[in-house]
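Written out below as structure tokens is the structure these notes cover.
For the numbers below, each heavy atom of this structure counts, side chains included, while hydrogens, waters and symmetry mates do not. Just so it is clear, the model here is predicted, and its values are computed rather than measured. Starting from 1, each residue takes its place in the sequence as its number. Just follow the structure's listing: the first ligand is 1, and inside any ligand the first atom is 1.
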Amino acid sequence: MKLTYYGTAAGEGWPGLFCNCDLCKAARDLKGKNIRTRSQALINEDLLIDLTPDTNMHCIVYGLDLSTVDNLLVTHSHSDHFNASEIELLRDPFAHERPNIFQVYGNNRVKEKIWMDVPGVEEGEDKSKFKFHYAEPFQPIAIKDYIVVPLLALHDKKEECLFYQVTQDGKTILYAHDTGAFPEQTIEYLKANKVHLDLVSLDCTTQSEPDGKNHMGLIDAVKEKQRLTELGLGDENTVWVVNHFSHNGLWLHDQMVTEADKYGFLVSYDGMSIEI
Ligand SMILES: [Zn+2]
Ligand SMILES: [Zn+2]
Ligand SMILES: [Zn+2]
């Protein structure tokens with residue numbers, strides 16, 4: 001199984017759209033892996049996670065190809081993860097020769113956003129090109145030959161924020177953004193339905209600063225790694241990655257690599273692929 005990161009920044013992007021701080025200035029200067037767009041990832045070539053406002057840029061600049069992708073997992077409705085109006089582009093005359101219906105999995109807030117932002121949907125008109133599925137926490141979903149488990153995140157209390165465990169051919173990826181320390185219900189599920197995690201991608205929005213409540217800093221990610229290891233879910237064969245970074249965390253890419261390396265984490269960057 002392969003995971004490709006297309007967007008690895010927090011909500012404002014890095015450099016932040018309107019930001020004039022030293023970290024954003026440095027990213028504009030240095031470019032390379034310091035340029036981070038908003039959240040999106042792809043499993044193999046066919047299972048998309050999140051529909052960021054930077055999706056089109058990911059297609060044009062990083063070679064993301066959505067022409068044959070039919071399945072989307074949405075973590076939550078925040079604007080850096082889900083730009084509902086893109087769903088309209090599945091229709092004629094914006095998209096041709098897509099025989100399959102695009103399947104969207106997410107929480108009820110994601111559904112509301114589609115219903116609000118895609119013309120005609122609220123009135124019960126054209127839903128012919130996509131289908132929304134409520135992703136119920138802890139209820140496994142079969143998508144092609146994947147088993148996907150939506151897990152509860154600790155993030156925005158106003159909606160049911162999710163992250164996803166995805167298994168295919170005996171390999172499992174845990175893609176955990178945006179979340180603070182995993183809620184007890186999620187830990188209980190992982191304990192009771194134990195699978196070996198081959199790749200764990202943990203939130204690291206606040207980098208140098210601890211958080212743990214809505215997001216994680218590096219030190220929170222280290223604690224979560226310890227907890228998952230103690231539970232026997234991950235081990236030295238697991239690929240541990242930190243991802244989803246904000247300029248407010250103060251570490252440009254190279255420093256993030258230095259700090260994360262001390263704890264056995266890889267650092268995501270836009271365009272990075274990992275095979276497990
Ligand atoms: Zn985010
Ligand atoms: Zn900034
Ligand atoms: Zn969020």
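For the atom pair CG (L64) and OG1 (T4), the distance works out to 9.0 Å, reported to the nearest 0.5 Å. Taken from OG1 in T8 to CZ in R38, the straight-line distance is 12.5 Å, to the nearest 0.5 Å.
The angle C21:SG - the Zn ion (ligand 2) - C24:SG amounts to 110°, with values rounded to 10 degrees.
When L42, D198, I43 are each tested for a side-chain contact (heavy atoms from CB on, under 4.5 Å) with L3, only one passes: I43. Tested against D70, the residues K131, R98, K144 include a single salt bridge (charged side-chain N to carboxylate O under 4.0 Å, His left out) partner, R98. Applying side-chain contact (heavy atoms from CB on, under 4.5 Å) to T172 and the options L197, L233, V200 leaves one that passes, L197.
Restricting H247 to its N, O or S atoms, the one at the least distance from the Zn ion (ligand 2) is ND1.
Ordered by chain and number, H76 NE2, H78 ND1, H155 NE2, D178 OD2 make up the set of protein N, O or S atoms under 2.8 Å of the Zn ion (ligand 3).
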Under the ring pair (Phe, Tyr, Trp, His ring centres under 6.0 Å) rule, what do H155 and H78 come out as? Steps first, then yes or no, please. CA-CA 11 Å; H155 193 49; H78 286 175; 4.9 Å; yes
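Side-chain atoms of S39 and D80 form no donor-acceptor pair, as typed in the model, at a separation below 3.5 Å.
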